[in-house]
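What follows is a set of notes on a single structure, which appears directly below.
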Amino acid sequence: MILKNIIKGIEAEVHGAATVDVKDIQFDSRKVAGGTLFVAQRGTKVDGHTYIAGAVEKGAVAVVCEELPESLADGVAYVKVADSSKALGLMAANWYGHPSEKLTLVGITGTNGKTTTVTLLHRMFRQLGYHVGLVSTIVNKIDEEEIATGHTTPDALELNQLLRRMVDAGCKFAFMEVSSHAVVQQRIAGVRFAGAIFSNITHDHLDFHKTMANYIAAKKGFFDGLDKDAWALVNVDDKNGRVMVQNTKASVHTYALQHSADIVCKIVENTFEGMHLQVDGKEMWCRLVGRFNAYNLLAIYGAAVLCGVDKDEALRILSSLEAAPGRFQYVNGRGITGIVDYAHTPDALQNVISTIDGIRRKNQQLITVVGCGGDRDRTKRPEMAKIAVEGSDKVVLTSDNPRTENPDAILDEMEAGLTPQQLCRVVRITDRRQAIRTACMMAKEGDIVLVAGKGHETYQEVNGVRHHFDDVEELEKLLRN
């Protein structure tokens, strides 16, 4: 594709021939080869501008940058832009033929509930007979074909390539998690969303955003970018729900359990087997458990109806759906109820513990196994430990994904949130496998063991290396064998 077609719609200053033929686009200089357009991005740790000369030596025929090098190589086109990351998104859309405009793409943003919502929307629309795409934390999918995933939201090139594959496979709908990082880093620039959902905002990712105000602004940026033909569906029980849509051009729709909204829900009964709900004035039974899942179901129902699904048909399919992997997932055995959940934020952990507490009998102990990830928001560590201890009979603090941090240093920071009296109900075991084993040994028949934090993950990351580890597998070994 010639350069001028790749940069179409981008405000740019071109030095050199805009008719140069480009064979590939890369933002990683290590992947540059002859005929490549290299995009120099300013990252949090690395500035791609320092690799421009090396990319040219490897055969780059064009360079997109925010600052021109002191000397320009002969035969190379240099494109100066205000924001290289945004330009990359727009170029990726041009390169792959604007795939997001050829399907109904629905994105969801929020701290909790994103994976469950998009996963169950994918399942619902598959049951309705559509070809459907999925972009999620757990896995990317085209119908039932699974495609490995790295980030919650892929980079701009990977995302547009994936959407192109969905279009070529005949997908009419696609459902996608949109992370706050992706909004700030312009990974969704050039992507057209037919609909957007806001679930909630609670304490998370402050290692990246620094302040809650920045975090909220990042989420809001997703809705600010919607066009007038799109719709926005927001949870107005969250005080930031209406903030999200203050400046959106999209049509606004609301859902809630507590406040007046376009779509409302009442929890009639909540058990370990499921919930009896009244949604939009109609009764339904679902297999998901807990107030937080009632919100997820409302988002799914609202999005389905806004996508044209009959209301009764949406409720019928919702009643048959099961939770996403690692989301309040049961492993029962020896008379003990094991629960694995991805809860890795204070609010998510509080939601899960509150749900269990509202269902369990007085003689049932709750034993919680929990840790916090390394190289992530440190301020939530003492809060996570405090929530676990206040809501559980016994707590085992353990390692999550320590990454490059010392696991014991992480546990020290978690324990700092506890009083001496609370520490008496805590066992500290750094080894996660041994921690889960200890919790199961503490449990008597009828008790509940909650293993929180990693959910669907099948690895534990230590010093940059991912070792196989699966909370569900560990519980199954202990409770079923």
Side-chain angles (χ1 to χ4, degrees), residues 108 112-128 138 199-200 235 237 255-258 263-305 309-333 335-343 347-364 366 368 391 446-452 455-456 471-472 475-476 479-480:
I108 178 171
N112 302 312
K114 298 188 297 294
T115 301
T116 294
T117 300
V118 295
T119 299
L120 298 191
L121 276 167
H122 177 269
R123 290 181 191 168
M124 173 185 282
F125 278 74
R126 288 293 290 147
Q127 284 195 37
L128 288 165
I138 297 176
S199 60
N200 50 66
N235 171 13
D237 281 348
Y255 68 95
L257 268 71
Q258 296 172 293
I263 306 168
V264 293
C265 172
K266 178 183 178 183
I267 301 174
V268 180
E269 186 182 11
N270 190 15
T271 72
F272 279 127
E273 287 71 42
M275 287 185 292
H276 177 195
L277 303 176
Q278 190 178 75
V279 178
D280 223 3
K282 297 186 178 181
E283 305 282 326
M284 71 165 287
W285 174 265
C286 69
R287 299 184 185 183
L288 277 69
V289 175
R291 188 179 185 81
F292 62 98
N293 270 323
Y295 281 109
N296 294 336
L297 289 165
L298 270 184
I300 295 162
Y301 171 77
V305 171
V309 178
D310 176 77
K311 291 182 177 182
D312 290 339
E313 183 72 353
L315 291 175
R316 183 188 67 79
I317 295 175
L318 272 182
S319 67
S320 70
L321 298 177
E322 295 181 352
R327 270 65 177 177
F328 218 89
Q329 185 172 347
Y330 292 108
V331 180
N332 297 322
I336 296 166
T337 299
I339 298 171
V340 172
D341 195 272
Y342 189 51
D347 183 67
L349 184 62
Q350 182 69 66
N351 284 339
V352 171
I353 289 176
S354 295
T355 295
I356 294 169
D357 195 50
I359 299 171
R360 64 176 171 140
R361 299 184 301 274
K362 288 183 179 179
N363 62 340
Q364 287 182 296
L366 172 59
T368 298
D447 287 347
I448 301 157
V449 174
L450 168 64
V451 183
H456 64 280
D471 286 349
V472 175
L475 271 181
E476 284 178 340
L479 298 183
R480 292 182 178 172

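Quick note: numbers below take in every heavy atom, side chains included, and nothing from hydrogens, waters or symmetry partners. For reference, positions follow the sequence shown, starting with 1. Computed from a predicted model, the values in this text were never measured in an experiment.
Counting heavy atoms from C-beta outward, Cys286 and Leu318 have side chains that stay 4.5 Å or more apart. Two residues are said to be in side-chain contact when any heavy atoms from C-beta on lie closer than 4.5 Å; Asn270 and Arg291 fail this criterion. For the pair Ile267/Leu277, a side-chain contact is recorded, criterion being any heavy-atom separation below 4.5 Å from C-beta on. Looking at Leu120 and Leu288, their side chains come closer than 4.5 Å, going by heavy atoms from C-beta outward. No side-chain heavy atom of Arg327 sits under 4.5 Å from any side-chain heavy atom of Thr119. Counting only heavy atoms from C-beta outward, the side chains of Gln329 and Leu475 never approach each other to under 4.5 Å. Annotation: side chain of Arg360 is not in contact with side chain of Thr337 (no heavy-atom distance under 4.5 Å).
Without hydrogens or angle criteria, Ser354 side chain to Asn351 main chain gives no donor-acceptor distance under 3.5 Å. A donor-acceptor contact shorter than 3.5 Å links the side chain of Arg123 to the backbone of Glu322. At distances below 3.5 Å, at least one donor-acceptor pair connects side-chain atoms of Tyr330 with backbone N or O atoms of Phe272.
Inspection of the Tyr295 and Asp237 side chains reveals an N or O donor paired with an N or O acceptor under 3.5 Å.
Aromatic ring orientation, Phe328 versus Phe292: tilted (interplanar angle from 30° to 60°).
In this structure, CD1 in Ile300 is found 7.5 Å from OG1 in Thr116, a value given to the nearest 0.5 Å. Distance check, rounded to the nearest 0.5 Å: CE of Met284 to OG of Ser320 gives 8.5 Å.
Summarising the geometry of Asn112 relative to Ser199, their closest heavy-atom pair is O-OG, 2.8 Å, with the distance given to 0.1 Å.
The side-chain contact (heavy atoms from CB on, under 4.5 Å) test with Leu298 singles out one residue from Val264, Val279, Asp280, and that residue is Val279.
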- prompt: His456 and Thr115: side chain to side chain contact (heavy atoms under 4.5 Å, CB included), yes or no, with the steps?
  reply: CA-CA 10 Å; His456 64 280; Thr115 301; 5.8 Å; no
- request: In sequence, state the C-alpha distance, the side-chain angles, and the governing distance for Val289 and Thr271, and then conclude on side chain to side chain contact (heavy atoms under 4.5 Å, CB included).
  value: CA-CA 7 Å; Val289 175; Thr271 72; over 6 Å; no
